[in-house]
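Working notes, structure below.
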Number of protein chains: 2
Amino acid sequence: MNNQFKKIHQVISSYIEINNEEWISYSSKFRVKEIRKKEIILSQGDICRDVFFVVNGLLRVFFVDNNGEEKTFHFSFENTFSTDYESFLKKIPSSYSIQALEDTTVVLMSFEMLHDGYKILRNGEKLGRLLAEEYFFIFNDKIQAIYTQSPIVRYNNLTRKFPNILQRIPQHYIASYLNISSVHLSRLKNSQ
Amino acid sequence: MNNQFKKIHQVISSYIEINNEEWISYSSKFRVKEIRKKEIILSQGDICRDVFFVVNGLLRVFFVDNNGEEKTFHFSFENTFSTDYESFLKKIPSSYSIQALEDTTVVLMSFEMLHDGYKILRNGEKLGRLLAEEYFFIFNDKIQAIYTQSPIVRYNNLTRKFPNILQRIPQHYIASYLNISSVHLSRLKNSQ
DNA sequence: CAATGACGATAACATTTGTTATCAGTTTTA
DNA sequence: TAAAACTGATAACAAATGTTATCGTCATTG
């Protein structure tokens with residue numbers, strides 16, 4: 001099996017039963033893309049045509065708010081999916097941009113192939129449901145964290161969960177992710 | 001058709017094709033529950049066993065944070081679903097409590113019947129997927145609002161979208177929903 | 001009907017967080 | 001390799017938001 005598809009196969013297999021034949025047919029439609037650091041693979045306002053699976057590297061999902069300021073919404077690490085799922089599903093302009101923070105390899109899954117999967121794979125609809133549910137869980141946790149945890153607690157949780165995040169992601173992006181200013185994060189860190 | 005099921009049939013029909021036979025078998029498992037004002041139908045920490053469909057009345061979804069303070073997370077109006085979907089799906093202790101703000105009638109859909117539906121209904125899995133997606137959209141919008149809009153803008157949007165909300169929901173719950181203090185909301189309102 | 005509690009406005013004050021600017025060290029780029 | 005851009009710390013100040021307390025009105029309850 002194409003080595004780049006190994007992990008994605010593993011992830012999908014954890015959701016549904018998929019046999020060899022199905023996988024060969026399904027994965028034949030994957031496309032692979034190399035993205036250079038700082039390159040943007042989805043621009044806010046464009047319709048999001050693909051779900052990206054990060055094989056290696058790192059993506060940043062962000063948007064520009066009404067005051068023209070970038071807000072970092074999510075970091076997509078290796079072996080996770082990244083997309084504007086609402087734009088992707090509804091074919092409406094994306095609210096987010098997605099940018100590579102490092103040279104990154106992604107597997108592209110188009111809307112068409114995902115929807116074909118609903119019919120072609122025996123458990124295609126189930127896969128769709130579980131993916132939607134999984135995405136939902138992420139957002140649910142995110143909202144709860146915002147409501148219940150102070151920025152510094154969220155920061156500590158983040159660095160505990162991803163110990164090398166500080167080596168890979170500039171601190172002001174993390175501040176933006178926490179929805180506080182970079183100055184404030186610096187203060188919080190150095191006074192706790 | 002049982003009149004209380006009319007709306008829920010309408011909503012489900014908007015998601016998938018469901019014929020009369022399927023509907024009769026499916027809806028026969030619904031249970032109806034009357035909840036008195038202030039009554040709690042889901043307690044934080046319990047496993048959420050049902051999805052609630054609000055026939056009439058009004059529910060408040062909230063949780064108690066680490067400082068012992070209630071944070072209102074969501075208001076469930078007529079003809080919408082309400083639940084702790086993560087607790088419900090994963091059978092883990094609920095992060096939320098759900099309380100009636102008015103005398104309320106709900107239709108209960110248990111985990112078992114929803115999952116039976118995945119098999120019994122021709123489009124059961126699709127229904128599950130679309131419900132998960134729909135729930136996801138709500139959360140996506142919620143997070144975006146938090147990141148991009150100031151509390152007073154969110155307040156104005158809320159009152160524009162639900163003009164009678166002020167008659168039905170105490171203001172301090174709305175403040176909690178906006179994640180600001182009730183004093184601050186009062187100030188914002190009366191100074192804009 | 002009286003007592004109690006819930007509700008929302010307001011004031012005074014404390015705390016948190018943002019803004020702007022500067023600086024030194026580092027990385028990127030031409 | 002030199003210039004430019006990026007990064008994070010820090011200080012000084014401004015703005016936003018929270019906390020506590022008080023008050024009058026209204027709704028609920030016994």
Side-chain angles (χ1 to χ4, degrees), chain A residues 35-40 57-58 60 62 64-72 75 99-104 145-156 158-159 162 164-192, chain B residues 35-40 57-58 60 62 64-72 75 99-104 145-156 158-159 162 164-192:
Chain A
I35 313 153
R36 299 294 304 275
K37 181 171 178 172
K38 290 191 180 174
E39 199 178 326
I40 290 195
L58 176 55
R60 178 174 78 103
F62 67 97
V64 177
D65 71 9
N66 303 324
N67 305 321
E69 279 166 28
E70 276 189 11
K71 300 274 189 168
T72 297
F75 301 112
Q99 178 192 38
L101 291 185
E102 305 170 350
D103 292 350
T104 298
I146 291 172
Y147 271 85
T148 59
Q149 291 163 9
S150 67
I152 189 64
V153 170
R154 293 176 63 209
Y155 175 82
N156 289 333
L158 193 67
T159 52
F162 304 104
N164 66 347
I165 197 173
L166 296 176
Q167 280 73 56
R168 297 178 72 183
I169 302 179
Q171 184 170 292
H172 65 276
Y173 285 153
I174 297 177
S176 165
Y177 174 81
L178 297 173
N179 208 9
I180 62 177
S181 71
S182 60
V183 175
H184 189 47
L185 175 56
S186 179
R187 268 189 304 229
L188 289 174
K189 273 180 60 181
N190 295 104
S191 74
Q192 73 170 320
Chain B
I35 314 153
R36 299 293 305 275
K37 181 172 177 170
K38 292 192 180 173
E39 200 178 325
I40 291 197
L58 177 55
R60 178 174 80 103
F62 68 96
V64 177
D65 72 10
N66 302 325
N67 304 321
E69 278 165 30
E70 276 189 11
K71 299 276 189 167
T72 297
F75 301 111
Q99 178 192 38
L101 291 185
E102 305 170 351
D103 292 350
T104 298
I146 291 172
Y147 271 85
T148 59
Q149 291 163 10
S150 67
I152 189 62
V153 169
R154 293 177 61 210
Y155 174 82
N156 290 332
L158 193 66
T159 53
F162 304 105
N164 66 347
I165 197 172
L166 296 175
Q167 281 72 55
R168 297 178 71 183
I169 302 178
Q171 185 172 292
H172 65 276
Y173 286 152
I174 297 177
S176 165
Y177 174 82
L178 298 173
N179 208 9
I180 61 177
S181 71
S182 59
V183 175
H184 189 47
L185 176 56
S186 178
R187 267 190 303 231
L188 289 174
K189 273 179 61 181
N190 296 104
S191 73
Q192 74 169 321

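Only heavy atoms go into these numbers, but all of them, side chains included; no hydrogens, no water, no symmetry mates. Proteins come first, then strands; the chains are lettered A, B, ... in the order of their sequence lines, and each starts at number 1.
We find that B:Asp103 and B:Arg36 are joined by a salt bridge, their nearest charged nitrogen and carboxylate oxygen being less than 4.0 Å apart.
Straight-line distance from the CD atom of A:Glu69 to the C1' atom of C:dT17: 14 Å, rounded to whole Å. Whole-Å rounding puts the A:Asn67 CG to D:dA16 P distance at 12 Å. Distance, A:Lys189 NZ to D:dT7 C1': 11 Å, rounded to whole Å. A straight line from OH of B:Tyr155 to C1' of D:dT17 spans 18 Å, rounded to a whole angstrom. Look at CZ on B:Arg154: it is 16 Å from C1' on D:dA16, rounded to the nearest Å. We find that CG of A:Leu101 is positioned 14 Å from P of D:dC6, with the value rounded to whole Å. The distance from atom CG of A:Leu185 to atom P of C:dT17 is 12 Å, rounded to the nearest whole Å. Between B:Leu188 atom CG and C:dG8 atom P the separation is 15 Å, expressed in whole Å.
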Interface polar pairs with nucleotides 28-30 of chain C, N/O, under 3.5 angstrom:
{"unit_1": "C:dT28", "atom_1": "OP1", "unit_2": "A:Lys37", "atom_2": "NZ", "d": "3.4"}

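By the side chain to side chain donor-acceptor pair (under 3.5 Å) test, A:Gln149 is found to be paired with A:Asn157, residues two or more places apart in sequence or in another chain being considered. Applying the salt bridge (Lys or Arg N to Asp or Glu O under 4.0 Å) rule to A:Glu70 yields the partners A:Arg60; only residues at least two apart in sequence or on another chain are considered.
Counting heavy atoms from C-beta outward, B:Phe75 and B:Leu101 have side chains that approach closer than 4.5 Å.
Taking both residues in full, the closest heavy atoms of B:Lys189 and B:Gln171 are given as NZ-OE1, 2.6 Å, listed atom of the first, atom of the second, then distance. Shortest non-hydrogen contact noted between B:Gly57 and B:Thr104 is CA-OG1, 3.5 Å. Scanning all heavy atoms of the two residues, the minimum distance from A:Ile35 to A:Ala100 falls at CG2-CB, 3.8 Å.
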Just list the side-chain donor-acceptor pairs under 3.5 Å for residues 177-184 of chain A, sequence neighbours left out, or say none.
{"unit_1": "A:Asn179", "atom_1": "OD1", "unit_2": "A:Lys71", "atom_2": "NZ", "d": "2.9"}
{"unit_1": "A:Ser181", "atom_1": "OG", "unit_2": "A:His184", "atom_2": "N", "d": "3.1"}

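How far OG of A:Ser191 is from CD1 of A:Ile152: 7.5 Å, rounded to the nearest 0.5 Å. Going from atom CG of A:Leu158 over to atom CG of A:Leu166 covers 8.0 Å, rounded to the nearest 0.5 Å.
Annotation: proximity of residues 165-181 of chain A to DNA chain C (heavy atom, distance under 4.0 Å) is found for A:Asn179, A:Ile180, A:Ser181, numbered in ascending order.
Rounded to 10 degrees, the angle separating the terminal helix axes of the helix from C:dC1-D:dG30 to C:dA30-D:dT1, each built from five base pairs, is 50°.
Nearest nucleotide to the B:Val183 side chain, out of D:dA21, C:dT19, D:dA9: D:dA21. Among the nucleotides D:dT20, D:dT17, C:dT20, the one closest to the side chain of B:His184 is D:dT17.
Each of B:Thr72, B:Ile146, B:Asp65 was evaluated against A:Tyr147; a single residue qualifies, B:Ile146, per the side chain to side chain contact (heavy atoms under 4.5 Å, CB included) test.
Judged by distance alone with a 3.5 Å cut-off, a donor-acceptor contact links the side chain of A:Arg187 to the base of C:dG18.
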